[in-house]
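Here's the structure we're looking at; comments come further down.
Here the structure is a predicted model, which is why all the values come from computation and not from measurement.
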Amino acid sequence: IVTSTGVYRSPDQGRTWSAWNEGDDFTESQQFQDLVIVTGTGPETFLLASKRGVFTRRAGDAAWTVASPDLEGRRISALARHPNGREVFAAVVRDGTTLEGGGLYVSRDTGATWRPLARGLAGDWIRVIRVHPRDARIVYVATSGRGVLRSADGGRTWTPMNEGLSERDIRALVFDPIDPARLYAGTHGGGVFVSADGGRRWAGLDHVPDTTPDEIIAALKAPDPSRPLPDLRPPASFAKCNGCHGWTDPSLNQTAHSLWLMPANRRDWGRTVRRMSGPAKLTIDEQTEIIDFLTGYSNGGVRR
């Protein structure tokens with residue numbers, strides 16, 4: 001999986017996770033967006049979308065590297081692998097000043113070179129790219145501003161598909177795994193919509209629960225009886241961390257209200273603690289103490 005700060009792998013179907021970006025300086029403040037795996041052309045190749053371009057890595061590589069100078073330094077908001085296995089799509093975010101320069105790009109050589117695929121998308125902020133699982137000529141993009149757009153010619157021309165959508169800032173778009181003519185669109189604050197005819201008409205899902213932020217936070221803080229908590233108490237300096245973050249683990253959370261919640265999971269805590277040491281006013285010794293605590297806590301209470 002990819003998060004805003006790095007890539008994580010699981011060797012046991014999601015039971016445990018480890019960072020796959022340790023030692024890579026480029027992961028600092030990258031705001032990663034998406035990850036695709038390209039197969040069928042040799043070893044598995046991983047392509048990672050970031051605000052500074054597309055990075056690539058194979059299973060045996062020591063680190064991530066820039067995939068291509070074509071998109072180096074550009075902000076990439078989404079990736080998608082074509083079902084034919086030869087093409088990869090990348091969404092480039094428009095320039096913040098001119099609102100131009102973005103759009104959809106395609107690579108036919110595992111990310112080594114890229115070219116613009118279509119006209120008419122240069123001013124869009126593409127959030128999601130979806131290729132029809134049964135007809136590869138049909139491609140959808142979810143955008144912030146213009147809703148859902150559909151192409152019937154492999155991404156060269158686009159048509160808005162927004163009848164019934166009351167919100168045009170679309171952050172998620174998925175096909176029904178059984179019936180790909182049925183799509184679900186998740187909006188930014190406007191609920192979830194469904195289309196039964198390939199996106200031509202949309203209807204809101206009224207039964208989606210209207211949950212407030214406070215209710216979500218309360219649910220995150222509630223103890224999970226299936227997960228025994230480590231018997232490892234936070235050091236006194238850890239209180240400074242709670243001034244910046246809330247924790248999903250209720251035994252760590254000392255903040256009454258926080259919309260910035262994070263888990264104590266198996267990761268390289270050194271980067272995180274050093275990054276927040278300024279706002280939290282941590283000394284060098286306190287950084288070391290907190291890193292040691294979080295590493296031990298994340299590994300079940302055993303200090304490493």
Close side-chain approach of V273 and L294, heavy atoms under 4.5 Å: yes
Side-chain donor-acceptor contact under 3.5 Å, D153 with S151: yes
A78: partners by side chain to side chain contact (heavy atoms under 4.5 Å, CB included), with sequence neighbours left out: D34, A91, I129
Criterion side-chain contact (heavy atoms from CB on, under 4.5 Å) on R130 and L183, from CA distance to verdict: CA-CA 10 Å; R130 291 283 182 258; L183 291 97; over 6 Å; no
From H82 atom NE2 to S107 atom OG, the distance as rounded to the nearest 0.5 Å: 13.0 Å
For D70, side chain to side chain contact (heavy atoms under 4.5 Å, CB included) partners two or more places apart: S68, T113, W114
For R146, all residues meeting side chain to side chain contact (heavy atoms under 4.5 Å, CB included), sequence neighbours excluded: L121, D124, T143, L149
Point-to-point distance, once rounded to the nearest 0.5 Å, from NZ of K51 to CD of Q33: 10.5 Å
Donor-acceptor under 3.5 Å (D61 side chain, R58 main chain): yes
Ring pair (Phe, Tyr, Trp, His ring centres under 6.0 Å) against F46, all qualifying residues, sequence neighbours excluded: W20
OH-CG distance between Y105 and L71, expressed to the nearest 0.5 angstrom: 6.5 Å
Transitive ILVMFWY side-chain link V38 to V106, under 4.5 Å: no
Non-neighbouring partners of D12 that pass side chain to side chain contact (heavy atoms under 4.5 Å, CB included), sequence neighbours left out: S10, R15, T16
Any residue meeting salt bridge (Lys or Arg N to Asp or Glu O under 4.0 Å) with E87, in chain and number order, not counting sequence neighbours: R108
Remaining members of the apolar cluster that contains W125, side-chain heavy atoms under 4.5 Å: V93
M161 vs R200, side-chain contact (heavy atoms from CB on, under 4.5 Å): CA-CA, chis, key distance, verdict: CA-CA 5 Å; M161 308 290 283; R200 292 175 178 81; 3.6 Å; yes
Any side-chain donor near an acceptor of the partner, S298 and W269, under 3.5 Å: yes
Check: T56 and L48 side chains under 4.5 Å, non-hydrogen atoms: no
From OG (S237) to CG (D285), nearest 0.5 Å: 9.5 Å
Side-chain touch V141/V128, heavy atoms, less than 4.5 angstrom: no
Check against side-chain contact (heavy atoms from CB on, under 4.5 Å), R274 and Q287: CA-CA 7 Å; R274 284 190 289 271; Q287 290 180 40; 3.3 Å; yes
Inter- and intrachain pairs under ring pair (Phe, Tyr, Trp, His ring centres under 6.0 Å), touching residues 134-174, at least two apart: Y140-F175
Any donor-acceptor pair under 3.5 Å from E286 side chain to T283 backbone: yes
Under 3.5 Å donor-acceptor, R94 side chain and G123 backbone: yes
Value rounded to 0.5 Å, distance of CD1 in I37 from CZ in R81: 8.5 Å
Pairwise side-chain contact, V131 with F89, heavy-atom cut-off 4.5 Å (strictly under): yes
Within-4.5 Å side-chain heavy-atom neighbours: L47 and L35: no
Which residues share a side chain to side chain donor-acceptor pair (under 3.5 Å) with S166, sequence neighbours left out: none
Minimal non-hydrogen separation, F238 against L252, with atom names: CE2-O, 3.9 Å
Test item: side-chain donor near acceptor, R9 and S18, under 3.5 Å: no
Salt bridge (Lys or Arg N to Asp or Glu O under 4.0 Å) partners of D197, counting only residues at least two apart: R201
Donor-acceptor under 3.5 Å (K240 side chain, L282 main chain): no
Hey, can you pull the donor-acceptor pairs under 3.5 Å for the side chains in residues 184-194, sequence neighbours left out?
from	atom 1	to	atom 2	distance (Å)
Y184	OH	R182	NE	2.9
T187	OG1	G190	N	2.8
T187	OG1	G191	N	2.9
T187	OG1	G191	O	2.7
H188	ND1	D169	OD2	3.4
H188	ND1	R171	NH2	3.2

Any donor-acceptor N/O pair, N162 side chain to R168 backbone, under 3.5 Å: no
Between CD1 on residue I290 and SG on residue C241, distance to nearest 0.5 Å: 3.5 Å
Residue list, salt bridge (Lys or Arg N to Asp or Glu O under 4.0 Å) with D135, at least two apart or on another chain: R137
